[in-house]
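Here is the structure we will look at, set down as structure tokens.
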Amino acid sequence: MLKFVLTKIGMAALVALTVSFISFILLFMAGDPAIAIAGEGASGEVIAAIRSQYGFDRPLLVQYVDWLMRALSGDFGMSYYFKAPVSGMIAERLPVTMTIGFLGMSFALLLAIPMGVLAAAFPNTLIDRLALGIAVVGQAIPSFWFGLILIVVFSVNLGWVPASGTRQWTGYVLPMIVLGYYATPAIMRLTRAGMLEVLSADYIRTARAKGIKPRRVLFKHALRNAIIPVVSLAAVQLGFMFGGSVVVETIFALHGAGYLAWESISRNDLPTMQALILIFAMFYIAFTFLADVLNAWLDPRLRTV
Amino acid sequence: MKLTKTAAAAALLPALLFATAAWAGKADDTVSIAFAKELEHVDPYFNTAREGVLLGNAAWDGLLYRDPATGEYVGNLATSWTWVDSTTLDLTLREGVKFHNGEAFDADDVVYTLNFTVDPKNGAKNKVATGWIKQAEKIDQFKVRIITNGPFPAALEYLAGPVIIHPDEYYKAVGPAGVATKPIGTGPYKFENVEPGRHFVLKRNEDYFAAAKPKAKVGTIDIRTIPDINTQMAELFNGTIDLVWQVPSDQAEKMNGRDSFQVINAPTMRVGYLSLDAAGRSGDKNPMTDVKVRQAIYHAINREGIVEALMKGTTEVINSACSPSQFGCDTAVATYAYDPAKAKALLAEAGYPDGFEIELYAYRDRPLAEAMIGMLAEIGIKANLNYMQYAALREKRIKEGAPISFLTWGSNSIADVSAITSEFFTMGGEDDARDKSLSDLLEKADSSIDPAERKTLYTQALSVIADKAYWVPLWNYSTNYVMSGDISFTPTPDELVRFYEIGWK
């Protein structure tokens, strides 16, 4: 098990390094940062001065190594656009994104797993179709539209929650639903498929033959086994959510990491983009790694590298 | 039992939520405003956003002030000013003014602020604001001298606009990073709370000296950043936002039908134009290098038609390469009326009887760009739309030019032609004409301090641009203000929302 964990950690580190290198090169190919920093109406001399002031005239590899060394000590430099330390800005905004990520994931799990279990318990019935329908709608509705409908109904018409912002805790409710609902279909389908497979296994038939109550069979004996693949899917999706949703954060004016990423992309703010890409990738890598370890712990057959 | 508990909780929940919602408005003398854009830095010298100009005007003061009603310059932090020669401006400062933190205003503040922002190593971002200043000098405690980089007659306009004065002792102590969260000015409002980029609370400055600008009418201005226009509308409906602007005309029309809201359309200084690659930077064989082709394109665009069908409001067609509200913007120049037949004839004369294919670049207003592409197709020009981010398009244009670009320019709210015509026709990176004699003409106009002479020279320059059809001037942009019914506010054509002029009905 230890060897397995160490190998996985080594691979995760390599992936993170590769991501940071490739994104660094791509960002520099995408646009001249000096022109973006100079802003509207700057002259050629100003742009040239900025280029040498920020060291953009050095070889790309030198710039990368320089950035990497400082990034490893937690210094992501100053944002060209906001003129503030990147690490401070991200530290300020990440909690919002992580909060709605956690809430959204909890919402998705609370909705998807019971629906998946029900659908599997009554396959090809109205209940199954209904669960499938709810899930498909979640996948099909664009989140900007769904978010607005929720705002119109629950904020404008009913006045239960604010339309935007997080000055009150109720401001988190609608973003949580929009973000979570989008993740529901995959989890629900996977739960249903896993349950169907497990329910046809011999030990379930034995349990039922012993006269154990159907509900107990369903939740105690079947779900525990069927949930393993759901754990890894949920972990990966949580990593995805921590990357922030530009759409959800824009609609609900949340000022999280996703919105920051969007702003820095449209302003060509390299240090911020670079730091965010690395952090988002780290989340993804960390959660995938956790899912791998968790699964290996749950199922010894997966412990081969 | 369990069920009833749940039901009770469910019934109580909405009531609890209501209790926590803060209802701002007339009752607590608070006007809530939405910014669509996240302001990068609250210090007016460290942002280039319109929102920054508004806050600069609310919480700080300039040396001068331009009365929006008369267009005249009046003293603000300065009481009088004289040009010693064409590059030296002397100003006498107002005595007895205090900053929000109690610091007294004098020449040291002016000299420090200007010299700090001019010094490139301090990294001020708004280069347009003070780029014309060489240095500032203290003459005595209430007299300063500003030396310009060459003659700069538009100086007064800048001193009345983006050039605001910081308190030197405070600024020295905290720097731009400290100002980002705790800005201090002399203005009619002071900052009570700043969450950078997302939330600003302004409180009325009860001790405001109110020489040029009046004391604020409303006690509190609460500004939140809400990027999505639909969410802004929802907040308006909820009564949690009282004033927004830059509302698209379809949304504004819907709001106009409701009694509880007021919708006002007002013009802005931003103008739209097609820049044609007359210098042939995007390729020697570029048809745009032929004046007949450029005139044909001008004839092909039905500007009135687009304005009527797609833009509405107070938008009007413009004829010269500037905003009609700017000093020196002579509108009596050559124009080329919408006439597809004539356009075709001109193309044939230029040797393109069957038209040609060309790349058109744009960064905003896609429907307007597409309408123009349709009109070009009618005279046989197949224009391919390349829609890009502003920064990327600008970079491309500086590096290699583009055959046809659909662009807009807001002149940084500077009501002087030098902020637009001279910006784009004096051999800079985005100069598509590269016309040496035109550039010389403009540089002469920019450096003359005789207003009559400047006017004559700008008229000559604008005529050259029109005769050679370097640009197809299109229209000015207007903006829609949507306000709740009890707000009293009259927008000005400079799109500068003066928070202190907002009141209650």
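Order of the sequence lines sets the chain letters (A, B, ...), proteins ahead of strands, with each chain counted from 1. We use all heavy atoms of the structure for the numbers below, so side chains are in, but hydrogens, waters and symmetry mates are not.
With respect to the salt-bridge test (charged N to carboxylate O, under 4.0 angstrom), the residues A/R93 and B/E38 qualify. A salt bridge does not link A/R167 to B/E195: none of the charged nitrogens lies less than 4.0 Å from a carboxylate oxygen.
Considering CG of A/L148 and CE of B/M233, their distance stands at 11.5 Å, rounded to 0.5 Å. Going from atom CD1 of B/I226 over to atom CD1 of A/I251 covers 13.0 Å, rounded to the nearest 0.5 Å. We find the CD1-CZ distance between A/I151 and B/F237 to be 12.5 Å, quoted to the nearest 0.5 Å. With values rounded to the nearest 0.5 angstrom, B/E40 atom CD is found 3.5 Å from A/Y81 atom OH.
Around the OH atom of A/Y182, the shell of radius 6.0 Å holds no more than 12 heavy atoms that belong to other residues, nucleotides or ligands. Counting non-hydrogen atoms of other residues, nucleotides and ligands closer than 6.0 Å to CZ of B/R258 gives a total of 12 or fewer. Remark: A/F240 CZ is loosely packed, at most 12 non-hydrogen atoms of other residues, nucleotides or ligands lying under 6.0 Å away. Crowding of A/F283 atom CZ: a count of heavy atoms from other residues, nucleotides or ligands under 6.0 Å exceeding 12. Counting heavy-atom neighbours within 6.0 Å of A/R70 CZ, excluding the residue itself, gives a total above 12.
For B/K399, the part lying under 4.5 angstrom from a heavy atom of chain A is the side chain only. In this structure, the portions of B/A234 lying under 4.5 Å from any heavy atom of chain A include both its backbone and its side chain. Using a 4.5 Å cut-off between heavy atoms, B/K396 makes no contact with chain A at all. Heavy atoms closer than 4.5 Å to chain B are found in both the backbone and the side chain of A/V156. For B/R224, the part sitting under 4.5 Å from any heavy atom of chain A is the side chain, from C-beta outward, and nothing else. Looking at A/Y259, only its side chain comes within 4.5 Å of chain B, counting heavy atoms on both sides.
In this structure a side-chain-to-backbone donor-acceptor pair under 3.5 Å is missing from A/K83 to B/N47.
Checking each of B/N238, B/T240, B/T231 against A/S155 for a side chain to side chain contact (heavy atoms under 4.5 Å, CB included) leaves exactly one that passes, namely B/N238.
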